[in-house]
Amino acid sequence: MSTERDFLRKLEKAKTEDEKTWLTTKRLIDSLSEDMRTLVYSAAIPHWFDAKTLRALHPELSRKIRWLYPKLQKLSFVEPFEGRGHNIHELTRRLILDYLWKKQRRSYRSKSQVLANFYHDSARLAQKKIARKIKELGSRKDKKKFRREIQQWAKKNPEIVNAASSDFQIEYVYHLVIAQPKEGANYFQKMGWRWHDKFDYSFAELNGLIDSVGEHIVANRVKGRIVGWEKYFRGLLYFYRIENVNAAACFSDVIRTSFPDRRLNADVRYRLGNVHKRLSELPKALACYEEALPLYRAINNKLGEANCIRSIGDVHLRLSELPEARARYEEALLIYRTINSKLGEANCISSLGDVHLRLSELPEARARYEEALPIYRAINNKLSEAKCISSLGDVHLRLNEFDQAINAYKKAVELDPENFRRWYTLGEVYRDEDIWQDAIEAFNNAISLNKQPAYIWVKLGNVYRDHNLIEKAINAYETASNLDSKISEPHFELGHLYLRSQKYEEALDNFQKAIDLEPNEPYYRNHFGYTQFKLNKFEEALLAFDKAIEINPENGEFHYSRIRALRALDRNDEANKEIEITKSLIQKNDYYNQACFELICGNIDAALLLLGEAIKKRPRTKIWARHDPDFESIRNDPRFKELVGK
Amino acid sequence: MAREIPVDREEELEIFKTMLSGKNEERILLIEAQSGMGKTILLGEFDHSKPKRIAFAKIDFKGGGTSIAELFYRLRDKLGREIKFPNLDKELKGILNPTIDIKSNMMLGKNQIDAYLSSRDDQEREMRLSALTDALFKDLRNLGKVLIIFDTFEKSDGSIKKWLADSFLSRVQNSPNTFVVIGGQEVPEDNLEWDCIRRPLKGIPHNHWQKYAESQGIIIHIEYVRACCDIYSGHPLKIKNYLDGYSLRGGKA
């Protein structure tokens, strides 16, 4: 009994909790028979085990496994593992692995090699069996029957299905990095990329792989570049989950540690650049790309180099540094062509089109998009093709080629019908062209694909409002406001709707809400003022117009509103001065506001002529004009009615 | 084998039973404790003590690498196959024209869900997940009483953690017949959208271990049991290892 007291005393004196726990665990394992002890140590190496795994690890005990395995299951630290067999409890397993790593490293490595082979061979065999079965059933014409039969077969053969799953491949890598660290690191990187590029967006397999290898990293069993790659992939997963801070932390950590892997060092800088770009930290993004670029060049990684240059171009484009953006895209384009990267080539050409579009070089933009299109078609990249056609639509729109624009947007929707943005753009152009029923359908299609963006509801509400579907418009604006209580547009549009319906108090209330959310938006002030004006509160109206002018003194519309208020207050001298200011501010090609201005100066004929020009330029203008309070004085003029329709 | 290990978790079992009887307002039970405290065994006890006529699913994230699609598949599979999930199936069929790659995945239903949730657009993925979750809960509400147990929550991946803590539990709050238990070294944090009973597991006192030793025929002085219990603060796995080791070394009747 004194021995027991000694043992308890030893436990008490143990410095760490792990040490305390291991003393008891080790004593329990040492008390087992030699065969059982051997099995416990080996069973701790994989994440789960069954009789097959144990036989692979200990062929010499093959016959005994039949009764040793059930005995093993009775140990307190062994628990069932659903669908796989059993596992050593996490806490005990961690301590056993630490022990093996410190005291029996060679044996640990050789057992890991056995397990790597076991999982590799099991996975390959299972995949072969599945392929054979599919081939056998594949001749069936009835697809439903085929699916049913394969499903039944899978249910009857769970072991095969299990072994073909990614879990076995993950387990293979997990053991390989211990058995053959160099080869394991290479394979980890290869599998990481394979699962990264799978486009299933859950990245569950990549996540499983890095968590699994991460165990070895935490326990200091693997070192070197694999640690960097693990953190790199982890950073990528954070990036895809829009956890930018965590992503940046992982990438920065890899950069700080400076692992002896030139590809990793280039890639990680490029990815950190992407995080900064997403966060609109453009100078930081640029710095990262510029650091990555010479590293890609040093290892002659042309694709990395081209991607990096193109990203630099993207940053310049975002910074409106258009000549720099163009130069970078052209530089990247040459490399993509050299390495025959068709996607990169088409993307670059399309981006060059974006530069031209921003520079209003419309024929050049059109030429670029038309150059990119056949490449996207050749590589069957329908999504990029749709985006490119949509950009061509933008060019047509800018050239006032409305029919071509609509055709382009329709084609983009055909190619990419599950992208709500394509439907939204089509809805926008239909609305512009006052093809309002199609606009409603397009916006509704966008909403059926993605209910979240409040701005689509606002646009839908605008179409309803423009066509006097008041209840539906109110409903759409309220939905938008419920979806995103921080945005001001639904309140502004509701205010506008009530203003039109001459429900001035409701209008004021909504304009005030819009102002509360966005105090520096001068249009909200202007409309607030106009509503006050309609309520004959001219002083309050003038205050609101003054505020709008204070926010944006260069906008003629607000001065125009001020004229109206000053006149109502009989402050005609000030109003006349304001007319001069307004005249200088309204742009020559802004026919609509010129028409408003001429009207306030009493020039009805000139006003109607200019309004006609404005409507020719943009047909939807007539909808606005129908309800615009600025035209109230000529609303009953037959010429006005003819211009704006009913 | 798990049921042979002693569990002095009467209070937790009582909480669980009261929750299932509908006497509590809360229908979400969170069991949090460090490794080896007996969470999995307790969740196994919940499984054994649940009423017979209740739809039941238990999902253990122990292996890691579970995707949301796989989770949906497993829930549907365990709760009664697709016949009982008309809304979920309708939602999947509504948007899909699936090109199912059987070679890469033998879980055919999962593959269908994978395809549904695989959109390149973040917002669209979120929206589809939300629609699929709504459909799942519409079906769950028609199943009568449902109990779902999730174990080893800490091993689930980030997107599942987020989905469970936000979308899933907030819908449980509005599904009067759905009961959920989540166990793990970490569990979802408090959220205004749902109420829960949060139960951290404590160590088990020495008198219970004394009884356990007797029931196993282990002859051991109470002083040793008490000392071991103090050293390990009642930690079940560690004490069990100690007693089993003691027993194997000859301390047996």
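Below, read A as the first sequence line, B as the second, and so on, with proteins coming before strands; counting in each chain starts at 1.
Of the atoms belonging to A:His47, not a single heavy atom falls under 4.5 Å from chain B. Heavy atoms of A:Phe81 lying under 4.5 Å from chain B belong to its backbone as well as its side chain. When heavy atoms are compared at a cutoff of 4.5 Å, A:Glu12 approaches chain B by way of both its backbone and its side chain. At a 4.5 Å heavy-atom cutoff, the contact between A:Arg241 and chain B is made by side-chain atoms alone. Contacts between B:Gln34 and chain A at a heavy-atom distance below 4.5 Å are absent for every atom of the residue.
Residues forming a ring-ring contact (aromatic ring centres under 6.0 Å, His included) with B:Phe137 (at least two apart in sequence, or on another chain): B:Phe168.
Comparing A:Thr25, A:Leu237, A:Asn87, A:Leu23 by heavy-atom pairs within less than 4.5 Å of chain B, the highest count is held by A:Asn87. Chain B forms more heavy-atom pairs under 4.5 Å with one residue of A:Ser31, A:Ala14, A:Gly208 than with any other, namely A:Ser31. For the options B:Lys155, B:Lys58, B:Glu223, B:His235, heavy-atom pairs under 4.5 Å to chain A are most numerous at B:Glu223.
The shortest heavy-atom contact between A:Ala204 and B:Thr66 is CB-C, 4.0 Å.
Taking the six-membered ring where tryptophan is involved, the planes of A:Phe49 and A:Tyr69 are perpendicular, since the angle between them exceeds 60° and thus also 30°. Ring geometry for A:His196 versus A:Tyr240: interplanar angle of 30 to 60°, hence tilted.
Ring centroids of A:Tyr424 and A:Tyr455 are separated by less than 6.0 Å, placing the two rings close together.
For residues 159-168 of chain B, the set of pairs meeting the salt bridge (Lys or Arg N to Asp or Glu O under 4.0 Å) definition, not counting sequence neighbours, comprises B:Lys161-B:Glu186.
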